Number of protein chains: 2
Amino acid sequence: MSKNSPRRFTKQRRLVHDAVIHRVDHPTAKDIFHELKGTGIGIATVYRQLASMVEDGILTTVDYDNETRYDPLTSPHAHLICSICNKIKDIELPKGIDNLTPEKLSFEINEIELTWKGICDDCQN
Amino acid sequence: MSKNSPRRFTKQRRLVHDAVIHRVDHPTAKDIFHELKGTGIGIATVYRQLASMVEDGILTTVDYDNETRYDPLTSPHAHLICSICNKIKDIELPKGIDNLTPEKLSFEINEIELTWKGICDDCQN
DNA sequence: AAATTTAATGATATTGGTTATCAATAACAA
DNA sequence: TTGTTATTGATAACCAATATCATTAAATTT
Ligand SMILES: [Mn+2]
Ligand SMILES: [Mn+2]
Ligand SMILES: [Zn+2]
Ligand SMILES: [Zn+2]
């Protein structure tokens with residue numbers, strides 16, 4: 001949204017970017033950190049870079065179980081969260097959802113968050 | 001859901017229950033603790049009692065900003081969250097929402113979570 | 001290609017929400 | 001009343017996330 005600071009193209013920024021940009025499983029900062037273990041990157045830098053990518057609109061966040069997860073899919077979509085394995089799956093936002101938006105109120109809507117929680121097919125035994 | 005443990009009616013349980021059961025603003029554990037400041041109740045007990053009330057199905061939880069908030073409204077409903085004052089309002093779940101449920105997948109849905117984030121009328125200046 | 005500027009890094013301390021520990025207490029049953 | 005044991009409260013511990021700060025290294029200027 002705001003690009004007011006001159007962002008330097010560090011090797012750490014590239015590392016975090018490349019580690020998260022293609023992932024579809026909504027990793028935490030620690031997940032990314034562990035993936036980059038061999039590079040010597042600091043945990044604080046991972047947190048900082050992920051936060052700056054959110055600022056830049058490259059990532060969105062998904063809060064689950066009081067932990068921030070990062071999502072490279074920035075277009076509006078819904079989620080399926082398995083309460084057993086905690087996996088988060090992207091799913092298409094239902095077509096008619098915008099028609100159901102409460103417009104009577106003077107609430108200025110910026111964002112919709114739709115999540116179905118349950119048990120994924122892998123965990124159904 | 002499960003009432004497998006013999007729950008004792010302590011005065012602390014009554015205090016927490018009475019402090020949260022009629023609230024409509026989705027308080028945190030610390031909010032309840034501060035409301036009960038004069039009673040000498042311990043912060044750990046507040047956390048424990050709130051958790052046990054969730055177990056008993058008396059409360060539900062709403063996670064926002066990596067903090068657990070407690071909700072005495074246990075029937076399915078949606079939320080409006082103001083990203084400025086962080087107030088959470090209950091709102092009716094749109095009628096047609098169940099028809100939009102993704103049933104193609106073999107995902108066993110237990111719960112729906114629908115939240116609109118934006119700016120409440122009070123914060124629009 | 002230096003020299004300069006300063007954003008970014010990494011180690012680590014700190015914060016804040018939440019849970020674990022455990023001796024003391026009190027609810028409940030006998 | 002007595003015995004059992006769930007619950008309490010103080011506090012240590014845990015964990016995600018942020019703040020601090022000396023050092024490093026992009027980016028810009030000589
Ligand atoms: Mn997603
Ligand atoms: Mn609610
Ligand atoms: Zn699963
Ligand atoms: Zn507001």
Side-chain angles (χ1 to χ4, degrees), chain A residues 2-20 23 25-56 58-71 81 83 86 88, chain B residues 2-20 23 25-56 58-71 81 83 86 88:
Chain A
S2 55
K3 191 89 59 64
N4 40 10
S5 58
R7 201 135 273 163
R8 292 183 177 177
F9 198 71
T10 65
K11 68 184 74 169
Q12 289 87 352
R13 183 168 182 81
R14 168 170 292 280
L15 283 170
V16 173
H17 177 276
D18 292 354
V20 73
R23 292 187 64 158
D25 60 340
H26 307 76
T28 65
K30 282 223 162 57
D31 289 335
I32 300 299
F33 176 64
H34 288 132
E35 181 175 329
L36 299 177
K37 190 73 69 71
T39 69
I41 196 173
I43 182 69
T45 299
V46 174
Y47 276 102
R48 277 184 298 235
Q49 284 299 338
L50 289 171
S52 78
M53 289 175 72
V54 172
E55 262 184 55
D56 295 347
I58 301 172
L59 298 179
T60 57
T61 59
V62 178
D63 284 7
Y64 177 62
D65 202 32
N66 288 348
E67 249 189 295
T68 301
R69 292 159 181 273
Y70 294 89
D71 191 345
I81 302 187
S83 42
N86 290 342
I88 303 180
Chain B
S2 56
K3 191 86 62 59
N4 41 8
S5 57
R7 202 136 270 164
R8 293 183 176 175
F9 275 92
T10 64
K11 68 184 75 169
Q12 290 87 351
R13 183 168 181 80
R14 168 168 293 279
L15 283 170
V16 173
H17 177 277
D18 292 354
V20 73
R23 292 188 64 159
D25 61 339
H26 307 77
T28 65
K30 284 222 161 58
D31 290 334
I32 300 300
F33 175 64
H34 288 132
E35 179 175 329
L36 299 177
K37 189 72 69 69
T39 69
I41 195 173
I43 182 68
T45 300
V46 174
Y47 276 101
R48 278 185 297 235
Q49 283 300 337
L50 289 172
S52 78
M53 290 174 72
V54 172
E55 263 184 54
D56 294 347
I58 301 172
L59 299 179
T60 58
T61 58
V62 178
D63 284 6
Y64 176 62
D65 202 32
N66 289 349
E67 248 189 297
T68 301
R69 293 159 181 273
Y70 295 89
D71 191 344
I81 301 187
S83 42
N86 289 342
I88 302 181

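The structure displayed is predicted, hence computed values, not measured ones. Quick note on labels: first sequence line is chain A, next is B, and so on, each numbered from 1.
When the local axes at the two ends of the helix from dA1(C)-dT30(D) to dA30(C)-dT1(D) are compared, using 5 base pairs at each end, they differ in direction by 30° after rounding to 10°.
Closest approach of I41(B) to F33(B), counting heavy atoms only: O-CE1, 3.3 Å.
In this structure, CZ of R69(A) is placed 14 Å from C1' of dC15(D), rounded to the nearest angstrom. One interatomic measurement links the two molecules: OH of Y64(A) to P of dC15(D), which rounds to 18 Å at whole-angstrom precision. Nucleotide dA8(C) holds its P atom 10 Å from the CG atom of D56(A), rounded to whole Å. Per the geometry, CG belonging to L50(B) stands 15 Å off P belonging to dT7(D), to the nearest Å. The interatomic distance linking R14(A) (CZ) with dT9(C) (P) rounds to 14 Å, in whole Å.
When the nearest nucleotides of DNA chain D are assigned to T39(B) and E67(A) by heavy-atom distance, the more 5′-ward of the two goes with T39(B). With the nearest nucleotide of DNA chain C identified for both Q49(A) and I43(A), Q49(A) has the one nearer the 5' end.
Between V54(A) and Y70(A) the shortest side-chain heavy-atom distance falls below 4.5 Å.
Among the nucleotides dA7(C), dG10(C), dA17(D), the one closest to the side chain of T45(A) is dG10(C).
D65(B) pairs by the side-chain contact (heavy atoms from CB on, under 4.5 Å) definition with nothing, not counting sequence neighbours. R69(A) pairs by the salt bridge (Lys or Arg N to Asp or Glu O under 4.0 Å) definition with nothing, not counting sequence neighbours. Partners of Y64(B) under the side chain to side chain donor-acceptor pair (under 3.5 Å) rule, at least two apart in sequence or in another chain, are N86(B). Taking D18(A) as the reference, R14(A) meet the salt bridge (Lys or Arg N to Asp or Glu O under 4.0 Å) condition, with sequence neighbours excluded. A search for side-chain contact (heavy atoms from CB on, under 4.5 Å) contacts involving T60(B) returns D71(B), T74(B), not counting sequence neighbours. Applying the salt bridge (Lys or Arg N to Asp or Glu O under 4.0 Å) criterion to D25(A), with sequence neighbours excluded, gives R23(A). S52(B) is linked by a side chain to side chain donor-acceptor pair (under 3.5 Å) to R13(B), Q49(B), counting only residues two or more places apart in sequence or in another chain. Applying the salt bridge (Lys or Arg N to Asp or Glu O under 4.0 Å) test to R8(A) and every residue at least two apart in sequence or in another chain returns nothing.
Legend: side chain to side chain donor-acceptor pair (under 3.5 Å) pairs involving residues 37-47 of chain B, not counting sequence neighbours, sorted by first then second residue: T45(B)-R48(B).
In terms of phosphate contacts, Y47(B) brings no side-chain nitrogen or oxygen within less than 4.0 Å of OP1 or OP2 of dT19(C). Phosphate proximity of dT18(C) to N66(A): present, with a side-chain N or O under 4.0 Å from OP1 or OP2.
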Annotated protein contacts, base or backbone, on nucleotides 19-30 of chain D with a non-hydrogen cut-off under 4.0 Å, one of B, S, - each: BB----BBS---
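Listed by residue number, the members of residues 25-38 of chain B with any heavy atom below 4.0 angstrom from DNA chain D form an empty set.
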